[in-house]
Asker: 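Sending over a structure as structure tokens; questions will come in a sec.
Throughout, a chain's letter reflects where its sequence line sits, starting with A, and its residues are numbered from 1.
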Number of protein chains: 2
Amino acid sequence: MNISHAAKAAGLPTKTVRYYADVGLVAAQGRSTSGYRTYSEREIRKLIFVRRAREFGFSIEECRELLGLYEKDDRASADVKQIATKRLFEIERKQRELQSLHDELSNLVTACRGDNRPDCPIINYLG
Amino acid sequence: MNISHAAKAAGLPTKTVRYYADVGLVAAQGRSTSGYRTYSEREIRKLIFVRRAREFGFSIEECRELLGLYEKDDRASADVKQIATKRLFEIERKQRELQSLHDELSNLVTACRGDNRPDCPIINYLG
DNA sequence: CTTGACCTTCCAGTTAGGGGAAGCCTTATC
DNA sequence: GATAAGGCTTCCCCTAACTGGAAGGTCAAG
């Protein structure tokens, strides 16, 4: 299977599939005589796995670890859970940060009249 | 005032202050005979303004616009409000995204036993 | 006079790819 | 068999907002 076919099957841009090969995340199965990357079902499954993990916000390095565990039949689920828990904490930290930003900014936006006069609580707060 | 003094007064790293000068966001007041950047109270206030705006997540370009309005006595508060509202919507979009990620990942993490056996709902979901 | 702490510019690296050029390869059509 | 369209390859530059570091000039103290 050619790279664009594999990319379509995995739901990823061709450039991304090539990038994953470059950084050694999902290698192509091999090369054709003319140098084209070839992909089989196994690589497609790994590409899909990575796409989903990336959608959860796991970094490339975390995807590398998860993929290793995915492929390892005698993995400990504790290892997977640890990585996922770390990501979950990051999400929660980001949520708290956004919540506090939202509260503050929301108050300021509400307090701003938004007319053609210069006085503005947002500017006052920042300045 | 030297750059490190100004940076300390504004609560920013020296490198960042130099970067803001490079991209034309907050120029130094001038240069000493030996080529050192000099800063006065006015620039310090602008640096503090930018630091606060950055803490709200405004981009450098948005900071440039806000700084322009900050300096413009005959600004319309509507212009400020528009920029801030845009940022607020971005925050809200990100919050919804994180909430959905959190819900899904949280379920998976809870369902994973985290022991030394290989079966794992997280891996099953991704694979 | 020298040491250490400043300052300067410039270059490279960070994340996860995207855009595009130059040049081969393949396939369809005439 | 020739040609054109499209796919593939590598390579390099670009993104945001800095951060780290190297090489070299400057300044104040001892």
Side-chain angles (χ1 to χ4, degrees), chain A residues 1-40 43 46-67 86-87 90-91 94 97 101, chain B residues 1-40 43 46-67 86-87 90-91 94 97 101:
Chain A
M1 213 186 296
N2 276 348
I3 194 167
S4 68
H5 194 167
K8 193 154 295 180
L12 288 169
T14 305
K15 277 269 188 186
T16 299
V17 176
R18 205 172 280 126
Y19 174 71
Y20 290 167
D22 285 352
V23 300
L25 183 56
V26 180
Q29 184 196 24
R31 298 277 183 148
S32 74
T33 55
S34 57
Y36 287 16
R37 289 176 183 81
T38 60
Y39 288 85
S40 68
E43 282 76 40
K46 290 167 78 168
L47 286 171
I48 292 172
F49 182 94
V50 169
R51 175 173 58 74
R52 298 213 181 113
R54 289 285 302 132
E55 284 166 3
F56 270 119
F58 289 105
S59 72
I60 297 290
E61 287 315 309
E62 286 165 339
C63 288
R64 201 188 300 277
E65 294 181 53
L66 289 170
L67 205 47
K86 174 161 159 281
R87 177 71 193 128
E90 285 168 15
I91 291 174
K94 192 75 185 171
E97 188 190 332
L101 286 187
Chain B
M1 214 186 296
N2 275 349
I3 194 169
S4 67
H5 193 166
K8 191 156 294 180
L12 287 169
T14 305
K15 278 270 189 185
T16 299
V17 176
R18 206 171 279 127
Y19 174 72
Y20 289 167
D22 284 352
V23 299
L25 183 57
V26 180
Q29 183 196 24
R31 297 277 181 146
S32 75
T33 54
S34 57
Y36 287 16
R37 287 175 184 82
T38 59
Y39 287 85
S40 68
E43 282 77 40
K46 289 167 80 168
L47 287 170
I48 292 172
F49 182 95
V50 169
R51 175 173 56 75
R52 298 213 181 112
R54 289 287 299 131
E55 285 165 3
F56 271 118
F58 290 106
S59 72
I60 296 291
E61 287 315 309
E62 287 165 339
C63 287
R64 202 187 299 277
E65 294 182 55
L66 288 171
L67 205 48
K86 174 161 159 281
R87 176 72 192 127
E90 286 168 13
I91 290 174
K94 191 77 184 170
E97 186 190 331
L101 286 187

Asker: With a 4.0 Å cut-off on heavy atoms, is B/S59 in touch with a base, just the backbone sugar-phosphate, or nothing at all?
Answerer: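 Counting heavy atoms under 4.0 Å across all strands, the contact made by B/S59 is with sugar-phosphate only.
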Asker: Checking B/T33 now: which residues fulfil side-chain contact (heavy atoms from CB on, under 4.5 Å) with it, not counting sequence neighbours?
Answerer: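 By the side-chain contact (heavy atoms from CB on, under 4.5 Å) rule, B/T33 matches no residue at all.
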Asker: Suppose we screen for side chain to side chain donor-acceptor pair (under 3.5 Å). Which residues come up paired with A/K94, at least two apart in sequence or across chains?
Answerer: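 A/K94 satisfies side chain to side chain donor-acceptor pair (under 3.5 Å) with no other residue.
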Asker: So which pairs with a foot in residues 18-38 of chain A pass salt bridge (charged side-chain N to carboxylate O under 4.0 Å, His left out), sequence neighbours left out?
Answerer: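 Sorted pair list: A/D22-A/R37.
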Asker: Sequence neighbours left out, what passes side chain to side chain donor-acceptor pair (under 3.5 Å) with A/E55? Give chain and number order.
Answerer: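 A/E55: side chain to side chain donor-acceptor pair (under 3.5 Å) contacts with A/R51.
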Asker: For B/R18 and C/dC7, what is the distance between atoms CZ and P respectively, to the nearest whole Å?
Answerer: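 Atom-to-atom, B/R18 to C/dC7, this comes out as 7 Å.
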Asker: So what is the end-to-end bend of the helix from C/dC1-D/dG30 to C/dC30-D/dG1, with 5 pairs used at each end and the value given to 10 degrees?
Answerer: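 Its terminal axes enclose an angle near 30°.
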Asker: Would you please name every residue forming a salt bridge (charged side-chain N to carboxylate O under 4.0 Å, His left out) with A/R54, sequence neighbours left out?
Answerer: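 So A/R54 forms no salt bridge (charged side-chain N to carboxylate O under 4.0 Å, His left out) with any residue.
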Asker: What is the nucleic acid contact for A/R37, judged by heavy atoms within less than 4.0 Å: base, sugar-phosphate only, or nothing?
Answerer: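 If one applies the 4.0 Å heavy-atom cut-off, A/R37 turns out to touch the sugar-phosphate alone, with no base involved.
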Asker: Under the rule for ring-ring contact (aromatic ring centres under 6.0 Å, His included), what residues qualify as partners of A/Y19, not counting sequence neighbours?
Answerer: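 Listed in chain order: nothing, the list is empty.
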Asker: Using a heavy-atom cut-off of 4.0 Å across all strands, would you classify B/S4 as base, sugar-phosphate, or nothing?
Answerer: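 Sugar-phosphate, no base atom in range.
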Asker: For C/dA16, does OP1 or OP2 lie under 4.0 Å from any side-chain N or O of A/R51?
Answerer: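 No, because none of the side-chain N or O atoms of A/R51 sits under 4.0 Å from OP1 or OP2 of C/dA16.
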Asker: Would you kindly compare B/Y36 and B/F58 by the position of their nearest DNA chain D nucleotide and give the one closer to the 5′ end?
Answerer: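 Looking at the nearest nucleotide for each, B/F58 comes out on the 5' side.
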Asker: By salt bridge (charged side-chain N to carboxylate O under 4.0 Å, His left out), which residues pair with B/E43, not counting sequence neighbours?
Answerer: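 Counting only residues at least two positions away or on another chain, B/E43 forms no salt bridge (charged side-chain N to carboxylate O under 4.0 Å, His left out).
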Asker: Could you give the distance from OH (A/Y39) to CE (A/M1), rounded to the nearest 0.5 Å?
Answerer: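 Reported to 0.5 Å precision, the distance equals 11.0 Å.
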Asker: Rounded to the Å, how far apart are B/I3 CD1 and C/dA5 C1'?
Answerer: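 In whole Å, C/dA5 C1' and B/I3 CD1 are 15 Å from each other.
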Asker: Is any side-chain N or O of A/S34 closer than 4.0 Å to OP1 or OP2 of C/dT26?
Answerer: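 Looking at the OP1 and OP2 atoms of C/dT26, one of them is under 4.0 Å from a side-chain N or O of A/S34.
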Asker: When rounded to the nearest 0.5 angstrom, what is the spacing between CG in B/L25 and CD1 in B/I60?
Answerer: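 Rounded to the nearest 0.5 Å, the CG-CD1 separation comes to 5.5 Å.
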Asker: What pairs of residues pass the salt bridge (charged side-chain N to carboxylate O under 4.0 Å, His left out) test when at least one of them lies in residues 1-13 of chain A, not counting sequence neighbours?
Answerer: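 Sorted result for residues 1-13 of chain A: empty, none.
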Asker: With 3.5 Å as the limit, what N/O pairs link the protein to nucleotides 17-19 of chain C?
Answerer:
| residue | atom | partner | partner atom | Å |
| --- | --- | --- | --- | --- |
| C/dG17 | OP2 | A/Y20 | OH | 2.7 |
| C/dG17 | OP2 | A/R54 | NE | 2.9 |
| C/dG18 | OP2 | A/T16 | OG1 | 3.1 |
| C/dG19 | N7 | A/K15 | NZ | 3.0 |
| C/dG19 | O6 | A/K15 | NZ | 2.9 |

Asker: Reading DNA chain D from 5' to 3', where do the contacts with chain A start and stop? Cut-off is 4.0 Å to heavy atoms.
Answerer: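 Span of nucleotides near chain A: D/dG7 to D/dT10.
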Asker: Not counting sequence neighbours, which residues clear side-chain contact (heavy atoms from CB on, under 4.5 Å) with B/R87? List them please.
Answerer: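 B/R87 satisfies side-chain contact (heavy atoms from CB on, under 4.5 Å) with A/L105, B/F58, B/E90, B/I91 only.
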